[in-house]
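Source: prediction; values computed, not measured.
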Amino acid sequence: MALKVIGISASPRLNGNSDLLLRRALAGAESAGAQIEYLRLVDFKIAPCIECNSCYKTGRCVVEDDYHIISAKMLDADRLIFATPIFFMTVCAQAKILIDRCQCLWAHKYVLKKPLISAAGRDRRAMVITVGGSKSKKMFDCIRLTMKYFFDVLDMNYAANLFVNKVEDPGQIKNHPSAMEEAFRLGRRLAAADSPALEKPLDIELT
Ligand SMILES: Cc1cc2nc3c(=O)[nH]c(=O)nc-3n(C[C@H](O)[C@H](O)[C@H](O)COP(=O)(O)O)c2cc1C
């Protein structure tokens, strides 16, 4: 059966740089035989976590909105490709709202100590694509840490980072052939049946 790969685009702008890379990565995954699904967070209504801690008792979020649609898709997928621009050295607000709402998955796993995924032991993996406008040595530090905990809560192996800096204008990434090629290659690798899971994420950082 084909692997299910979900691509989540957090950029608020249509045809943003991270979004274009995500679509190359999904094309790569599709070329490896995966069944792909692409979605943009701006098309969904997701409210921020209110820290009511109801999920500590049930493992479920009481806020009824589109979070539940995205969460179900993330839990069903074999692979996740998460794309976000750098805003103030971290993920953009749309991405952070989704990540914070996954606190109920954290509670499910670490407070209630229940297995998250019905088919325990599934090989699930995730990668992140991030684009920033400047070149700072520390620009991706926050992303690494946030993704480590986000992917852990989703019970996904942290498979790869694609970080690109000094790209700011909308669509500018199209003039960066090596970034587009890396996105395709990493997406293909993520979905390839014969690629082994790694202890540490593959790290590609481009200027
Ligand atoms: C609110 C805001 C904050 C930003 N903060 C940073 C930053 O801290 N570091 C940086 O290098 N670029 C920053 N940028 C620039 C974006 O990361 C850059 O334009 C990127 O290409 C946007 O990706 P996108 O087209 O996928 O949305 C910021 C842009 C905005 C709008």
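For the pair Cys52 and Val62, the minimum side-chain heavy-atom distance is below 4.5 Å. The side-chain heavy atoms of Asp66 and Ile69, taken from C-beta on, include a pair separated by under 4.5 Å. His68 is not listed as a side-chain neighbour of Val63, based on a closest heavy-atom distance of 4.5 Å or more. Put simply, the side chain of His108 reaches to within 4.5 Å of the side chain of Lys114, judged on heavy atoms.
With no hydrogens or angles considered, a side-chain donor-acceptor pair links Ser9 and Asp19 at under 3.5 Å.
In this structure, Asp123 pairs ionically with Arg79, as a charged nitrogen and a carboxylate oxygen lie closer than 4.0 Å. No salt bridge links Lys4 with Glu37; every basic N to acidic carboxylate O contact stays at or beyond 4.0 Å. Under a 4.0 Å N-O distance rule, the pair Asp65/Arg101 qualifies as a salt bridge. Remark: Lys166 does not engage Glu205 in a salt bridge, criterion side-chain N to carboxylate O under 4.0 Å. Remark: Arg122 does not engage Asp155 in a salt bridge, criterion side-chain N to carboxylate O under 4.0 Å. Using a 4.0 Å cut-off between charged nitrogen and carboxylate oxygen, Asp152 and Lys148 do not count as a salt-bridge pair.
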Can I get a per-line list of side-chain donor-acceptor pairs under 3.5 Å for residues 24-32, giving both atom names and the distance, sequence neighbours left out?
{"residue": "Ser31", "atom": "OG", "partner": "Gly28", "partner atom": "O", "Å": "2.6"}
{"residue": "Ser31", "atom": "OG", "partner": "Arg188", "partner atom": "NH1", "Å": "2.8"}

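Residues forming a ring pair (Phe, Tyr, Trp, His ring centres under 6.0 Å) with Phe140 (at least two apart in sequence, or on another chain): Phe163. Partners of His176 according to the side chain to side chain contact (heavy atoms under 4.5 Å, CB included) rule, which considers only residues two or more places apart in sequence or in another chain, are Val164, Val167, Ile173, Ser178, Ala179, Leu206.
A donor-acceptor pair is defined here as one N or O able to donate and one able to accept, closer than 3.5 Å; no such pair exists between the side chain of Asp78 and the backbone of Leu3. In terms of modelled atom types and a separation under 3.5 Å, the side chain of Asn161 and the main chain of Arg144 share no donor-acceptor contact. One N or O on the side chain of Lys113 and one on the backbone of Tyr110 form a donor-acceptor pair closer than 3.5 Å. Arg124 places a side-chain N or O within donor-acceptor distance of the main-chain N or O of Met74, the cut-off being under 3.5 Å. Thr146 contributes no side-chain N or O that, together with a main-chain N or O of Ile143, makes up a donor-acceptor pair within less than 3.5 Å.
Centroid-to-centroid, the aromatic rings of Phe82 and Phe150 come within less than 6.0 Å.
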